[in-house]
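This report concerns only the one structure given below.
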Amino acid sequence: MSTKISITITSLLILLVVSLSIFLNNSFVFAVTESVSLSASVAGCGDDSIGVGESCDGADLGGASCVSQGYASGTLTCSSSCAFNTSSCVSATPVVSNSGGGGVVMLPTAMDVIFTGTTVPLAKIYILKDGQLAATIVALPDGKFTTTIRGVSPGFYNFGVYGEDVKKNRSTLLAFPIYVTNSAPTNIGDIVIKYDEFTVPSKPQTSTGYLIGDLNRDWHVNFLDFSIMKYWYTKYLPPKHIDLNNDKKVDLIDFSIMGYYWTG
Amino acid sequence: MKNFFKIFIATFFLTLSFSPFLANAGEVFLSTKNIEFARGEDFIVEVKLNTQGQQINAVEGELVFSSGLGVKSISDGKSVINFWIQKPQITKLGNVRFSGLTPGGFNGDNNLLFKVTFSGKVPGQNNIYLNNLRVLLNDGLGTQANITTIPITVLITQQINNEILNLFSFDKVVTDNEPPEGFKPMLASDPLIYNGYEFITFTTQDKISGIDHYEVREGDLGIYVVAQSPYPLKNQKLDVPIYVKAVDREGNQRVEVLEPKNPIPVSKPGMGIFAVLGLFLLAIVLYIKKQLQTK
């Protein structure tokens with residue numbers, strides 16, 4: 001009798017240890033999985049640089065995010081066919097009104113903003129929304145471009161558009177202050193960036209070999225640079241390359257210069 | 001001689017009035033729905049900019065007001081300014097300082113910078129005007145734009161504000177049920193700031209009531225603290241998630257999470273633990289066996 005009990009307990013013990021191992025360590029998995037990966041590539045897709053007809057390429061999302069695609073949050077990725085993959089994006093959560101009356105559920109209204117225009121063939125067009133890069137697109141061989149920023153809440157926005165030609169010269173930032181309504185998509189059309197407007201070199205402009213305003217040397221002039229400059233705002237003896245007009249202080253003039261060379 | 005002086009003065013002002021310099025001058029103006037309010041009544045003054053065709057990208061100054069007025073709130077909702085260097089706020093008695101940047105600039109005759117809700121405290125004439133104003137062109141040089149300013153005077157009457165007056169108030173209360181816009185906090189380090197320590201930057205907008213403040217929480221067990229961008233991190237190991245909360249003027253919130261750069265690896269129990277577990281269970285088995293044998 002006692003031997004029987006001991007055998008049963010020992011069996012249970014072994015079973016427990018094996019189960020625990022499988023649960024915690026996966027070390028008792030005997031199945032062998034083999035996988036065959038098939039990949040297909042679109043011409044120009046996969047070079048980590050957005051090309052004609054591509055919304056994104058590898059890690060280059062052209063400034064797009066789940067938010068710019070109309071979602072509340074999440075991680076936007078690029079598919080193997082260079083289209084946006086929004087499977088990890090999270091939809092907007094309904095907002096509960098606190099105006100009384102039992103809590104009325106109100107869904108935030110958001111609209112599309114459509115950009116169309118012409119520029120030099122194959123120029124890269126950058127779209128900024130309130131100073132932040134929202135989308136990038138490459139113009140077609142005939143110079144035409146169109147792109148949409150989705151999920152924009154109604155309100156006043158300062159959209160910016162600039163281009164970069166194949167020689168890496170940039171056009172100055174065109175500003176489009178627009179009030180986005182929730183009644184219909186907003187069209188910002190007939191944007192024209194002519195050949196002779198690509199006058200700002202994207203290549204080094206300063207004696208130190210960096211873009212003017214690119215304080216952290218990442219080849220962009222954006223909010224990160226603004227934050228670094230803000231840290232030095234009104235402080236004594238700022239580092240030389242933060243003081244853009246060399247007057248030994250960081251003040252509004254330095255910010256204005258940075259704003260002119262802004263890339264988003 | 002007297003006539004000559006009069007003609008000279010008249011000519012001088014006529015010349016000025018037709019001067020192209022002044023004709024092209026932009027204007028920072030103060031807009032309010034009325035100029036007479038009851039004591040205790042709230043009213044909104046909007047600080048606006050008419051660029052007169054100039055492309056402006058940076059603005060700073062001070063809004064100065066008489067001691068007979070009190071500030072109830074300041075809002076930058078619907079502002080043309082994208083990034084505040086110094087958010088409009090009271091820095092000393094009767095003075096609201098502001099400083100901001102809009103990359104690429106803006107143009108137009110009715111650009112809102114920010115708005116202040118005042119409350120009339122003391123009856124009488126109260127002046128509101130702009131001081132130390134700098135408005136810069138988007139020209140890559142930070143050139144000062146041609147700008148004029150126009151002060152306003154509001155009259156606070158003896159009559160005490162009551163419910164009936166409130167019903168006829170021109171300034172509607174803004175209803176904002178929407179959270180601030182989604183945003184992406186950025187992690188960075190730079191030898192130029194915080195001695196190279198890791199910091200985060202964040203910014204977003206609320207198109208209705210404006211952003212009130214931000215809060216940052218480091219780790220799931222941390223607590224939210226009011227913060228400004230850039231914000232130096234206390235946890236330099238970067239092994240915990242960082243939560244950034246944006247709160248608008250109506251209390252609506254949006255929280256964004258920055259995942260840890262160096263997450264603590266989830267340690268898998270080695271075989272040692274199973275050996276110990278096995279020995280422990282074996283001891284129990286032997287104990288039970290012994291107990292059964294003694295019976």
Side-chain angles (χ1 to χ4, degrees), chain A residues 1-2 5-6 9-10 13 16-17 20-21 24-25 27 65-67 71-73 95 97-99 106 108 128 130-132 153-158 160 162 172-175 177 212 215-216 223-224 226-228 230-233 239 242 245 252-262 264, chain B residues 55 57-60 77-80 82-83 85-86 99 101-108 111-112 134 136-142 175 177-179 181-184 186 188 190 192-194 199 201 203 205 207-208 229-230 252 256-257 268-269 271 274 277-278 281-282 285 288-289 292-293:
Chain A
M1 175 69 180
S2 65
I5 291 171
S6 116
I9 292 173
T10 310
L13 181 68
L16 178 71
V17 171
L20 271 171
S21 300
L24 294 170
N25 221 16
S27 56
S65 63
C66 284
V67 175
Y71 293 86
S73 59
V95 177
S97 166
N98 54 5
S99 57
M106 297 171 68
L128 311 187
D130 286 338
Q132 309 253 44
S153 303
F156 177 84
Y157 291 88
N158 199 17
Y162 71 91
T172 51
L173 191 59
L174 299 174
I212 295 172
L215 307 184
N216 66 336
F223 185 69
L224 202 48
F226 173 87
S227 300
I228 293 170
K230 187 179 162 190
Y231 173 85
W232 285 100
Y233 180 56
I242 290 182
N245 63 340
L252 194 69
I253 296 174
D254 300 289
F255 282 98
S256 177
I257 295 168
M258 173 182 275
Y260 177 79
Y261 289 101
W262 196 266
Chain B
Q55 193 75 9
N57 75 359
V59 183
E60 75 176 8
K78 300 175 186 169
S79 173
V80 74
N82 291 158
F83 304 120
I85 304 160
Q86 187 167 11
S99 180
L101 173 73
T102 297
F106 57 88
N107 199 336
N111 299 289
L112 176 73
R134 281 216 287 183
L136 307 184
L137 297 176
N138 184 52
D139 63 354
L141 301 169
T175 307
N177 294 316
E178 300 220 6
E181 290 187 5
F183 60 104
K184 203 174 171 184
M186 302 284 284
D190 194 287
L192 295 173
I193 69 171
Y194 303 126
F199 63 93
T201 63
T203 183
Q205 302 212 1
K207 294 292 176 185
I208 305 171
S229 176
N252 302 300
E256 299 288 356
V257 186
K268 288 183 177 178
M271 287 311 289
F274 293 111
L277 194 64
L281 289 171
L282 188 65
V285 169
I288 293 168
K289 195 176 174 183
L292 287 169
Q293 276 173 351

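Numbers restart at 1 for each chain; the letters A, B, ... are given by sequence-line order, proteins then strands.
- The minimum heavy-atom distance linking Tyr233(A) with Ser99(B) is given by the pair OH-OG, 3.4 Å.
- Of the atoms belonging to Tyr194(B), heavy atoms from both backbone and side chain fall under 4.5 Å from chain A.
- For Asn245(A), no part sits under 4.5 Å from any heavy atom of chain B, backbone or side chain.
- For Thr201(B) against Ser227(A), the heavy-atom pair with the smallest separation is CG2-OG, 3.3 Å.
- When all heavy atoms are compared, the tightest approach of Trp262(A) to Pro103(B) is CG-CB, 3.3 Å.
- Using cut-offs of 30° and 60° on the angle between ring planes, the pair Phe83(B) and Phe226(A) is tilted.
- The two residues Gly142(B) and Ile257(A) come nearest to each other via the heavy atoms N-CG1, 4.1 Å.
- A search for side chain to side chain donor-acceptor pair (under 3.5 Å) contacts involving Tyr162(A) returns nothing, not counting sequence neighbours.
- Of all the listed residues (Gln55(B), Met186(B), Gln205(B)), the one sharing the greatest number of non-hydrogen pairs under 4.5 Å with chain A is Gln205(B).
- Chosen from Ser229(B), Gly108(B), Ala188(B), the residue pairing most often with chain A at heavy-atom distances under 4.5 Å is Ser229(B).
- Under the 3.5 Å distance criterion, the side-chain polar atoms of Ser256(A) are left unmatched by any main-chain donor or acceptor of Asn57(B).
- Heavy-atom distances place no part of Leu112(B) under 4.5 Å from chain A, backbone and side chain included.
- Of all the heavy atoms in Leu215(A) and Leu192(B), the pair that sits closest is O-CD1, 4.0 Å.
- Annotation: salt bridge (Lys or Arg N to Asp or Glu O under 4.0 Å) contacts of Lys207(B) (sequence neighbours excluded): Asp130(A).
- For Ile242(A), the part sitting under 4.5 Å from any heavy atom of chain B is the side chain, from C-beta outward, and nothing else.
- Per-residue counts of heavy-atom pairs under 4.5 Å with chain B were compared for Leu252(A), Leu224(A), Asn158(A), Leu174(A); the largest is that of Leu252(A).
- Most heavy-atom pairs under 4.5 Å with chain A: of the set Thr102(B), Asn138(B), Ile85(B), Val59(B), this distinction falls to Ile85(B).
- Both the backbone and the side chain of Phe255(A) come within less than 4.5 Å of a heavy atom in chain B.
- What you find for Ile193(B) and Tyr231(A) is that their closest heavy atoms are CG2-CD2, 3.1 Å.
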